[in-house]
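All remarks here apply to the structure that follows.
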Amino acid sequence: MNQSVSKCLRQLMDENYSLDDYKAALPRWCVGCGDHSVLTAVQRLCRDEKLPPEKTVFVSGIGCSSRFPHYMRTYGFHGLHGRALPVAQGVKIRRPDLNVFVIMGDGDCCSIGTAHWIHAIRYNMDMTVLMLDNGIYGLTKNQASPTSPYGLVSNTTPEGTELEPINPIAVTLSVNNASFVAQTAEWIPDLTREIINQGFRHKGFSFIRVLQRCPEYLDNRFNEWIRDPERMLLLSHEDGVQVSPEVAQIYRKQEQHDPSDRQRALEIAAIDDPIPVGVFYRNPELPCYEYSAEPDQLVSAEGICDYLETELDKFTINPAGASA
Ligand SMILES: Cc1ncc(C[n+]2csc(CCOP(=O)(O)OP(=O)(O)O)c2C)c(N)n1
Ligand code: SF4
């Protein structure tokens, strides 16, 4: 084959991806689990943004949702419960050129991983963080989580939970350096895709809480809101989320919310019925930790060679020194 034709073909293949290029193992989540819908949204984002699989990495903790990296044909790290964020930060600081995604459950993020969550917001490293919030521990079969609704009967709370749930959006907004905070619901796929897209394009730590159904252990959790779109509050703004006319027609309860208004974002975060969805807050001006640090010599192949040369030079025998 003519060399320039094969070069063109290679370029075409490199630059165009199909959904299949991002699909790996068949998901083992339950039928009706909301995680399926999030996976589809993310695979579409990867295709639409033409993300090279070899330049993309998914990091997770432990949980049903944390099986996510197995289902993406990219790099992945299925790590320790609650520790997805420090692993992702390690990846990003060493390889700022990679697209880093983090998948956590509500137990992963708001329970065992809380300290990492708070500090990761402060560091504002450029990554897209999806917290798949089903309000329960799914993988370990039905224990209450910090986002479980008040009074929930579970294996660990046979008399019902006695604590009000934590508000992950309000917590994130309250930490210094919060730079992108959004909420979506997996049963509105168009909105979810658009919000994940916006989070991905944002330069900084994009925290997206995805309300997610767990039909196995917390069936009915969101049924009232799914049946009645008037009980969802769509945050719209020219700088916020842009939904299709079809979605806007179904979700007619809307508020014009400027995502640069952090004070109003905090007020909206306090509303739990109707459930607000959209971009709460965005500040593109905040510096990202990995880019403000010294450029890392070990990122490029040349840098690695130079580093090894310098290190090996330390062990060379200096004849002048030997005779002295
Ligand atoms: C250090 C540690 N503590 C506890 C566990 C047990 N464990 C595994 S997953 C999980 C909770 C999963 O719930 P969540 O993070 O909400 O994810 P989901 O399964 O609902 O997607 C727990 C407690 C563990 N694997 N490691
Ligand atoms: S237990 Fe719940 S969260 Fe886990 S796969 Fe099944 S439906 Fe999804």
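First listed ligand is number 1; within each ligand, the first listed atom is number 1. All of these numbers come straight from a predicted model, not from anything done at the bench.
Of all atoms in ligand 2, numbered sequentially from 1 with element shown, those under 4.0 Å from a heavy atom of Pro215 are 7 (S). Atoms of ligand 1 found under 4.0 Å from any heavy atom of Leu139 (numbered from 1 in listed order, with element): 9 (S), 19 (O). Annotation for ligand 2: atoms under 4.0 Å from non-hydrogen atoms of Trp29 are 5 (S). Those atoms of ligand 1 with a heavy atom of Ile136 less than 4.0 angstrom away are 16 (O), 20 (O). For ligand 2, the atoms sitting less than 4.0 Å from at least one non-hydrogen atom of Tyr217 are 1 (S), numbered in the order shown with element in parentheses. Within the listing of ligand 1, atoms 16 (O) sit less than 4.0 angstrom from a heavy atom of Asp106.
Under a 3.5 Å cut-off, the side chain of Lys92 and the backbone N or O of Leu98 do form a donor-acceptor pair. Remark: side-chain polar atoms of Asp239 are not paired, donor with acceptor, to backbone N or O of Asp258 under 3.5 angstrom.
Rounded to the nearest 0.5 angstrom, Thr156 OG1 and Asn142 CG are separated by 7.5 Å. Distance CG/Leu39 to CD1/Ile103: 8.5 Å, rounded to 0.5 Å.
Taking distance alone, with nitrogen or oxygen atoms compared against 3.5 Å, Asn134 approaches ligand 1 more closely than that limit.
When non-hydrogen atoms are compared, ligand 1 lies under 4.0 Å from the side chain of Thr140 (C-beta onward) but not from its backbone. Heavy atoms of Asn134 found under 4.0 angstrom from ligand 2 belong exclusively to the side chain. If you look at Leu80 next to ligand 1, there are no close heavy atoms at all, none under 4.0 Å.
The closest side-chain donor-acceptor pair between Asp133 and Thr147 falls under 3.5 angstrom. Remark: the Arg67 side chain and the His70 side chain contain no N/O donor-acceptor pair separated by less than 3.5 Å. Donor-acceptor pairing under 3.5 Å is recorded for the side chains of Tyr137 and Ser111. Side-chain contact, Thr161 with Ser148: no donor N or O sits under 3.5 Å from an acceptor N or O. Under 3.5 Å, the side chains of Thr40 and Ser37 contain no donor-acceptor pair of N or O atoms.
Regarding atom 23 (C) of ligand 1, its nearest protein heavy-atom neighbour is His81 NE2, 3.6 Å. Shortest contact from atom 8 (Fe) of ligand 2 to any protein heavy atom: Cys33 SG, 2.4 Å. Nearest protein heavy-atom contact of atom 18 (P) of ligand 1 is Cys64 N, 3.6 Å. Closest to atom 2 (Fe) of ligand 2, if we only count protein heavy atoms, is Cys214 SG, 2.4 Å. Nearest to atom 5 (S) of ligand 2 among the protein's heavy atoms is Cys30 N, 3.4 Å. The protein heavy-atom contact nearest to atom 4 (Fe) of ligand 2 is Cys64 SG, 2.4 Å. Atom 21 (O) of ligand 1 has as its closest protein heavy atom Ser65 OG, 2.8 Å. Among protein heavy atoms, the minimum distance from atom 16 (O) of ligand 1 is reached at Gly107 N, 2.9 Å.
Aromatic pair Phe101/Phe200: centroids less than 6.0 angstrom apart. Aromatic pair Tyr123/Phe205: centroids not less than 6.0 angstrom apart.
For the pair Leu132 and ligand 1, no heavy-atom separation below 4.0 Å is found. At least one heavy atom of Gln212 sits less than 4.0 Å from an atom of ligand 2.
Taking the centre and axis of the six-membered ring of Phe180, the NZ or CZ atom of Arg282 falls outside the cone set by 45° and 6.0 Å.
For Glu159, the CD atom counts as loosely surrounded, since its 6.0 Å shell holds 12 or fewer non-hydrogen atoms of other residues, nucleotides or ligands.
For the residues Ile112, Asn142, Asp133, Asp108, the heavy atom positioned nearest atom 15 (O) of ligand 1 is part of Asp108.
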